[in-house]
Protein chains: 2
Amino acid sequence: MPEDRYRQFCPVAMAAEVLCTRWTMVLVRELVAGSTRFNDLRRGVPRMSPTLLSKRLRELEAAGIVRREPIQGESAYPGYELTEAGRDLAPVVEAVGMWGQKWVEAEPSLANLDPGLLMWDMRRNLDPTPMPAKRMVITFRYTDQPEERRHWWLIVEPGAEVDLCSIDPGFDVDLYVETDLRCMTAIWMGLTSVRKEAGRDRLVVTGDDKLAAAIQDWLGLSPFATQRKLSG
Amino acid sequence: MPEDRYRQFCPVAMAAEVLCTRWTMVLVRELVAGSTRFNDLRRGVPRMSPTLLSKRLRELEAAGIVRREPIQGESAYPGYELTEAGRDLAPVVEAVGMWGQKWVEAEPSLANLDPGLLMWDMRRNLDPTPMPAKRMVITFRYTDQPEERRHWWLIVEPGAEVDLCSIDPGFDVDLYVETDLRCMTAIWMGLTSVRKEAGRDRLVVTGDDKLAAAIQDWLGLSPFATQRKLSG
DNA sequence: CGGGATCCAGTTCGATACTG
DNA sequence: CAGTATCGAACTGGATCCCG
């Protein structure tokens, strides 16, 4: 590819050549968030074609941002790990995200909802520490979604990663959350809260009372949810 | 244009839709640095076609980052001014530039030198305060450049913006700086210093002794020159 | 000077299908 | 799971020209 895109000696231009190609910043966000597998990355950027994802990963590798490394106890395929230069992109992603949260109108973005992507993000940010130290299963039901995207299960096993299923894993369910996708997404983004939406009956939580009471504690929000919106 | 590029509700993706299109980050750097005129912006992004520059400016306006505003005492044409959202991009540009300075190899970039761009940047960052309070004229001579890009004049008038000329303005010259373009660019980027290069006879300063002695003080460097390079 | 339009050739991207 | 292949559509760059 033309590595001489801007041909400027300015550091901003030099960095932008690597970082500001289509999808790259979003992909870097996924990497900074910790995904290392091709298919995990795909779930984080579901609208990016695998061809382009593969190409971008090779570019990031050439730029010294990721490194292919076998991951013990996993597939024989090496994963994509951030190098030190890659980990050092965290402040860049943070600055971009904070600006976006503060200044980009959320409405048009809330027209592009995706339950799979939302659940994938929630899975990653869920905090099990305020939960009882046993397996907890939480079901989400998005009343406005078509059957095949309506039901989701988060399975929290003590000491393990949170699991996400879109087909019934068959476990007893400890908590049910029923709402529409837009409402849940707005909560995730910090634009509103569980309490507020429950009060308006746009969200209903049933099941284990303690789990329900602590929902705002274990339900991790978007890393940018703390930044107040100013664009309006 | 397709405003639905990524179709993700994540703030990073929302911001990247606006900021991470081709040339946009570099253009934003120019705006954050203070340029407000179409042709001034062109000097900062000389390899960007005017068509694309115009298009990007309209996109930034639609995104609420710039605003067209008449500038008093100047041309009847309105300039491009940053809005509050636009000024708030300074930390983003800073983060990107710092990362670039730290991690992107400078060598390939030093193959893409441009005396006009370098002088334009130097003009902007020159600090007249350590200079005598009268008109000072400094001539740069880039020994490796073809005749028409070899000679440059910076004219510092107290209380006014620094002027840049590529044709002899006819004033008496207070200081001559003679070197090659690569050396001067490396100094500007903080990869080396005037003292070091003068010691190697790669740079020669003649004229007003006081002005010469203070050169490292008034010769502003790249805003990213303080970040040490680690990519090597 | 300041700002933009047009045309064309070359690149990049998206959608979808497919392989080991 | 981890990617390739393919092809039309969209975007970009360069050159050139235009208008007030």
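Scope of the values below: all heavy atoms of this structure, side chains included, with no hydrogens, waters or symmetry mates. Please read these numbers as outputs of a predicted model, since none were measured by experiment. Letters A, B, ... mirror the listed sequences (proteins, then strands); counts begin at 1.
- We find that CG of B/Leu57 is positioned 8 Å from P of C/dG4, with the value rounded to whole Å.
- The number of heavy-atom neighbours closer than 6.0 Å to CG of B/Asp168, taken from other residues, nucleotides and ligands shown, is above 12.
- Rounded to whole Å, atom P of D/dC11 lies 14 Å from atom CZ of B/Arg58.
- The side chain of B/Lys55 contributes no N or O atom lying less than 4.0 Å from OP1 or OP2 of C/dG4.
- Residue contacts shown for A/Pro78 are absent, as no nucleic acid heavy atom lies under 4.0 Å away.
- Atom P of nucleotide C/dT12 and atom CG of A/Leu53 are separated by 18 Å, given to the nearest angstrom.
- Here the straight-line distance linking atom OG1 of B/Thr83 with atom CG of B/Leu89 works out to 8.0 Å at 0.5 Å rounding.
- Put simply, CE on A/Met122 and CG on A/Leu219 are 4.5 Å apart, with the number rounded to the nearest 0.5 Å.
- Following rounding to the nearest Å, B/Glu17 (CD) and C/dC13 (P) show an atom-to-atom distance of 15 Å.
- Phosphate proximity of D/dG13 to B/Trp23: present, with a side-chain N or O under 4.0 Å from OP1 or OP2.
- Between the C1' atom of D/dG14 and the CZ atom of B/Arg47 lies a distance of 10 Å, rounded to the nearest Å.
- Here A/Tyr80 reaches the OP1 or OP2 of D/dG3: one of its side-chain N or O atoms lies under 4.0 Å away.
- A donor-acceptor pair under 3.5 Å is formed between the side chain of B/Arg87 and the backbone N or O of B/Leu82.
- Residue A/Thr51 places its side chain closer to C/dT16 than to any other of D/dA2, C/dT16, C/dG14.
- For A/Met48 and D/dT4, the CE to P distance is 13 Å, given to the nearest whole Å.
- Which of C/dG14, D/dA2, D/dA15 sits closest to the side chain of A/Leu52 comes down to C/dG14.
- Applying the 4.0 Å criterion to OP1 and OP2 of D/dG3, one finds that A/Arg42 has every side-chain N and O outside that range.
- A/Pro46 pairs by the side-chain contact (heavy atoms from CB on, under 4.5 Å) definition with A/Asp114, A/Leu117, B/Gln8, not counting sequence neighbours.
- An OP1 or OP2 oxygen of C/dG14 is reached within less than 4.0 angstrom by a side-chain nitrogen or oxygen of A/Arg22.
- Residue A/Arg68 places none of its side-chain N or O atoms closer than 4.0 Å to OP1 or OP2 of D/dA2.
- Judged by distance alone with a 3.5 Å cut-off, no donor-acceptor contact links the side chain of B/Ser54 to the base of C/dA5.
- Within the 4.0 Å cut-off from OP1 or OP2 of D/dA2, at least one side-chain nitrogen or oxygen of A/Arg37 is found.
- Contact between the side-chain N/O atoms of B/Ser49 and the OP1/OP2 oxygens of D/dG14 is not found at any separation under 4.0 Å.
- The nearest heavy atom of DNA chain D to B/Pro50 and to B/Arg56 marks one nucleotide each, and the one closer to the 5' end goes with B/Arg56.
- Between A/Arg43 and the phosphate of D/dC1, there is no side-chain N or O to OP1/OP2 separation shorter than 4.0 Å.
- Interatomic distance, B/Ile65 CD1 to B/Leu31 CG, rounded to the nearest 0.5 Å: 9.0 Å.
- The separation between A/Tyr77 atom OH and D/dT4 atom P is 10 Å, rounded to whole Å.
- Contact annotation: A/Asn39 reaches the phosphate of D/dC1 (side-chain N/O to OP1 or OP2, under 4.0 Å).
- Regarding A/Phe38, its CZ atom lies at a distance of 13 Å from the C1' atom of C/dT19, rounded to whole Å.
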